[in-house]
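Working notes for the structure below.
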There are 2 protein chains.
Amino acid sequence: MTSDSIWAPLFQRLKTTTGAADQDLQALAALPIALRNYRENQTVLRDGEQPSECCLIADGFCVRSKTIADGRRQILSIHIPGDLPNLQNLHYGTVDHDLVALSDCTLGFVGHRALKDLIRERPGVADLFWRDTLVDAAISREWIVNVGQRSTYNRLTHLIVELRERLRLVGRVIDNTFAIPLTQEQLGEAMGVTSVHTNRILRDLRVDGVLELQRGTVRILNEHKLQELAQFDGRYLHLSPLS
Amino acid sequence: MTSDSIWAPLFQRLKTTTGAADQDLQALAALPIALRNYRENQTVLRDGEQPSECCLIADGFCVRSKTIADGRRQILSIHIPGDLPNLQNLHYGTVDHDLVALSDCTLGFVGHRALKDLIRERPGVADLFWRDTLVDAAISREWIVNVGQRSTYNRLTHLIVELRERLRLVGRVIDNTFAIPLTQEQLGEAMGVTSVHTNRILRDLRVDGVLELQRGTVRILNEHKLQELAQFDGRYLHLSPLS
DNA sequence: CGCCCAACACAACAAATGTTAAGTCGCCGA
DNA sequence: TCGGCGACTTAACATTTGTTGTGTTGGGCG
């Protein structure tokens, strides 16, 4: 994997969603970055750890998750190529959740020292990163709405539409088909329901001709119905520089 | 209200949770700030708005909330004196939720221009603010866990314990009694359940001798039971500079 | 090739939560 | 002082979701 292809999804996203200056991106691309491969289900960061690097997802899918005392697990966010899932550790030491690879992944690691120096040197980079963490927070808030208020049926479509919009940004949607490499158990953990119930809802969506999910790939059967169910308003993704 | 008392809760929190430099705090206190009073239920920021100021809660309680198409509402976070609930608008223009006063409130408003200048001039202030938004995000993630995985009974105790810890930081807990000025309907909106069910759970907690909630004030009846139910692990609040 | 195991599928029943409806309480303003 | 209204309380019933259990499927690996 070349330096270009490591940074490509992040830069692609930043260029369309922010007014990122080319010099700032070049400065990023010049950072020393260590590539590491993770396998499906491998833990990248563990709750309580104090990492000294931030990671960039170059390829593959990861999730943030938390496990509570009785063993139940909640998936907090799904991360895709171009995401920086632990920028927050630049400002506080301890991760308060797990980061787990959903699929085989390639991650790039950049040391805090180098990042902090770059941020001081280039306020534009600080702005890009800060904004990125704020959009991440906005996505978390919408996730709360999804889990708290939408019916499971609508909830699943909303989750899928959000993921599709984010995957589009980094060129991962082809022919309206895209990867969502979560098992039904994991989808349930993302939605706050059991795998049995997730299975019920997926069957309903299939029977109703809305969408199909097979071996980690979504196929949209009826875009109109999908939109109607998801009630997706993407403003919270802040896709344009001024929004 | 004097300039001191406006900034006091924020400074109190920053001093214990971060290694805030006195000069940075003094620079903050010197910012031009416009006080405005809001009444119970008054909307401070409306979804879709493009504010040109950030606000500081000097006194009172606010909530962030989102309303979906069918009218259901989800409360996303509870904000207390010392909170900066819309710092994110420094980096993207549009608010993607409502901010509503729960009680009569006094808010201080500082213009984006002045804040941005200060941030450029004093990287220490930028760090304080960035960290603040990151802790806000961590609280949102725990909120997802609460709504997604905990039983309603445990969920309510967790919400209450979190609020107590945050209120303690700004000196708003006296004799283990503190304000939580949400109606049962609003508590339900925070937890993703109906007001009827909230009422049931509150009765159970009262009958079980855990806590009582009357006219917006919590009284803890059995601290040990409360802890057991809430399973509260405050690490996500990042209360000390190194955590 | 055939075994094995995780993921998927689905049914029956149990538990949690929502809905609707009714009545009570307590405060504020006319 | 009284009336009204929003918040609280509770019950009965409906619906959603969880639990348990039992098969099936499909792909990796000896």
Side-chain angles (χ1 to χ4, degrees), chain A residues 39-42 61 63 68 70-75 100-104 146-157 179-208 211-219 229, chain B residues 39-42 61 63 68 70-75 100-104 146-157 179-208 211-219 229:
Chain A
R39 271 180 309 201
E40 193 179 324
N41 286 323
Q42 203 176 343
F61 285 67
V63 290
I68 62 177
D70 65 4
R72 301 169 73 95
R73 206 160 70 117
Q74 175 69 39
I75 289 178
V100 181
L102 275 183
S103 60
D104 292 348
N146 212 26
V147 174
Q149 298 299 338
R150 280 190 259 266
S151 73
T152 316
Y153 194 72
N154 296 258
R155 195 182 306 172
L156 183 49
T157 57
I180 173 166
L182 289 88
T183 64
Q184 294 183 1
E185 170 106 46
Q186 291 166 330
L187 274 175
E189 287 170 348
M191 296 193 292
V193 300
T194 60
S195 60
V196 175
H197 195 54
T198 305
N199 184 277
R200 278 197 273 256
I201 300 298
L202 275 171
R203 179 170 52 69
D204 292 347
L205 286 169
R206 194 183 334 117
V207 168
D208 296 347
L211 59 84
E212 250 176 359
L213 203 160
Q214 265 174 29
R215 265 162 291 130
T217 300
V218 180
R219 202 160 69 92
L229 293 170
Chain B
R39 273 180 307 201
E40 194 179 324
N41 287 322
Q42 203 177 341
F61 286 67
V63 290
I68 62 176
D70 65 4
R72 301 169 75 94
R73 206 161 70 119
Q74 175 69 40
I75 288 178
V100 181
L102 275 183
S103 60
D104 292 348
N146 212 25
V147 173
Q149 300 298 338
R150 281 191 260 265
S151 74
T152 316
Y153 194 71
N154 296 259
R155 194 182 307 172
L156 183 49
T157 57
I180 173 167
L182 288 87
T183 64
Q184 293 184 1
E185 170 107 44
Q186 291 166 330
L187 273 176
E189 287 169 346
M191 297 193 293
V193 299
T194 59
S195 61
V196 174
H197 195 54
T198 306
N199 183 278
R200 277 198 274 257
I201 300 297
L202 276 170
R203 179 170 52 70
D204 292 348
L205 286 168
R206 193 182 335 117
V207 168
D208 295 348
L211 59 83
E212 250 175 0
L213 205 159
Q214 263 173 29
R215 265 164 290 128
T217 300
V218 180
R219 203 160 67 94
L229 293 170

Task: Proximity to DNA chain C (any heavy atom under 4.0 Å), residues of residues 188-200 of chain B only - done: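 Within this stretch, Gly192(B), Val193(B), Thr194(B), Val196(B), His197(B), Arg200(B) sit under 4.0 Å of the strand.
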TODO: Report, as a single string ordered 5' to 3', how protein heavy atoms within less than 4.0 Å touch nucleotides 23-30 of chain D: B base, S sugar-phosphate only, - not at all.
DONE: --------
Are [X] and [Y] close enough that some pair of their side-chain heavy atoms sits under 4.5 Å apart?
X	Y	answer
Val63(B)	Glu189(B)	no
Val193(A)	Arg155(A)	yes
Leu213(B)	Leu205(B)	no
Ile180(A)	Leu187(A)	yes
Gln186(A)	Arg73(A)	yes
Leu182(A)	Ile75(A)	yes

Measure the distance from [atom1] on [X] to [atom2] on [N] and round it to the nearest whole Å.
X	N	atom1	atom2	value
Arg39(A)	dA6(C)	CZ	P	16 Å
Tyr153(B)	dT17(C)	OH	C1'	17 Å
Leu202(A)	dC10(C)	CG	P	11 Å
Glu185(B)	dC5(D)	CD	C1'	15 Å
Ile201(B)	dA16(C)	CD1	P	9 Å
Gln186(B)	dC8(D)	CD	C1'	13 Å
Gln149(A)	dT16(D)	CD	P	16 Å
Ile180(A)	dA7(C)	CD1	P	16 Å

Task: Closest approach of Gln149(A) to Gly192(B) (non-hydrogen atoms, all atoms of both residues) - done: NE2-CA, 3.9 Å
Task: Option among Arg219(A), Arg203(A), Arg206(A) that satisfies the salt bridge (Lys or Arg N to Asp or Glu O under 4.0 Å) test with Glu212(A) - done: Arg219(A)
TODO: Could you tell me whether a side-chain N or O of Ser103(B) sits under 3.5 Å from a main-chain N or O of Phe61(B), the two making a donor and an acceptor?
DONE: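 Side chain of Ser103(B) to backbone of Phe61(B), a donor-acceptor pair under 3.5 Å: yes, one is there.
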TODO: Could you tell me whether the phosphate oxygens of dA9(C), OP1 or OP2, come under 4.0 Å of any side-chain nitrogen or oxygen in Arg203(A)?
DONE: no
TODO: Give Ser151(A) one of three labels, base, sugar-phosphate or nothing, depending on what nucleic acid heavy atoms sit under 4.0 Å from its own.
DONE: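 Answer is nothing: Ser151(A) stays at 4.0 Å or more from every strand.
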